[in-house]
Amino acid sequence: MTRTTKPQNENHTACPMDSLLKLLMGPWTTYILWLLRSQGPQRYGELKAGMPGISSKVLTERLRMLEGAGLIHRDYKPTVPPAVTYSLTPRGAELKDVLEGLNDLAQRWHAEDMLVEA
């Protein structure tokens, strides 16, 4: 008797949590979402200035990926020079509690680590 298995589709996972975590764990991804959540809509240059160490290539890739995932909106105005503003979509805004929870945890751990080092 021959046993067959279904081919795995790379775009499908049995666990929705796995898909969400894979989306959020890319380099700089949660930081971009955090900046847009905490500081509101921003132009590309503002985002780049708020993220020391990120390359233009990576920022552009992350923004395109997040736009494709429906988490951010890219508002393009054909002015000279073009004005492009990024903001959270309603779906991106749903991450508010997750991002604030991560921020609270990061702040607490940072404070604890500073006490240990002192």
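Not measured: the values here are computed from a predicted model. Numbers for residues simply follow the sequence, beginning at 1.
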Enquirer: Are the side chain of T85 and the backbone N or O of P41 linked by a donor-acceptor pair below 3.5 Å?
Expert: no
Enquirer: Quick one: name the residues clustered hydrophobically with L105, using the 4.5 Å side-chain heavy-atom rule over I, L, V, M, F, W, Y, and just say none if it's on its own.
Expert: W109
Enquirer: In Å and rounded to the nearest 0.5 Å, what is the CD to CZ distance from E100 to R37?
Expert: 4.5 Å
Enquirer: Can you check side-chain contact (heavy atoms from CB on, under 4.5 Å) on L47 and L63, steps first, answer last?
Expert: CA-CA 10 Å; L47 280 170; L63 290 170; 3.9 Å; yes
Enquirer: Give a yes or no on whether M17 and L23 share a hydrophobic cluster (residues Ile, Leu, Val, Met, Phe, Trp, Tyr; joining criterion: side-chain heavy atoms under 4.5 Å apart).
Expert: no
Enquirer: Just verifying a value: how many Å separate L66 CG and H73 NE2, rounded to the nearest 0.5 Å?
Expert: 14.0 Å
Enquirer: Step by step, would you call M51 with L35 a side-chain contact (heavy atoms from CB on, under 4.5 Å)?
Expert: CA-CA 9 Å; M51 303 174 70; L35 287 176; 3.4 Å; yes
Enquirer: How many angstroms lie between atom SG of C15 and atom CG of L20, to the nearest 0.5 angstrom?
Expert: 9.5 Å
Enquirer: Has the side chain of T29 got a donor or acceptor atom that lies under 3.5 Å from a matching backbone atom of M25?
Expert: no
Enquirer: Given R108 and D104, is the salt bridge (charged side-chain N to carboxylate O under 4.0 Å, His left out) satisfied, shown in steps?
Expert: CA-CA 6 Å; R108 191 179 81 229; D104 291 346; over 6 Å; no
Enquirer: What distance separates L59 CG from E61 CD, expressed to the nearest 0.5 Å?
Expert: 10.0 Å
Enquirer: Under a 3.5 Å distance rule, please check whether K48 uses its side chain to pair with a backbone N or O of I54 as donor and acceptor.
Expert: yes
Enquirer: Is the shortest side-chain heavy-atom distance between L24 and L33 below 4.5 Å?
Expert: yes
Enquirer: Starting at OG of S87, measure out to CD1 of I72 and round the result to the nearest 0.5 Å.
Expert: 8.0 Å
Enquirer: Which is it for V98 and K96 under the side-chain contact (heavy atoms from CB on, under 4.5 Å) test, yes or no, and what are the steps along the way?
Expert: CA-CA 6 Å; V98 172; K96 172 187 178 248; over 6 Å; no
Enquirer: A side-chain contact here means heavy atoms from C-beta on lying under 4.5 Å apart; do L88 and L71 qualify?
Expert: no
Enquirer: Between Y76 and V84, is any pair of side-chain heavy atoms under 4.5 Å apart?
Expert: yes
Enquirer: Of all the heavy-atom pairs spanning T79 and A83, show the shortest one and how long it is.
Expert: OG1-N, 3.4 Å
Enquirer: What I'd like to find out is whether the side chain of Q42 reaches to under 4.5 Å of the side chain of Y86, using heavy atoms alone.
Expert: no
Enquirer: Calculate, to the nearest 0.5 Å, the distance between atoms CE and CH2 belonging to M65 and W28 respectively.
Expert: 14.0 Å
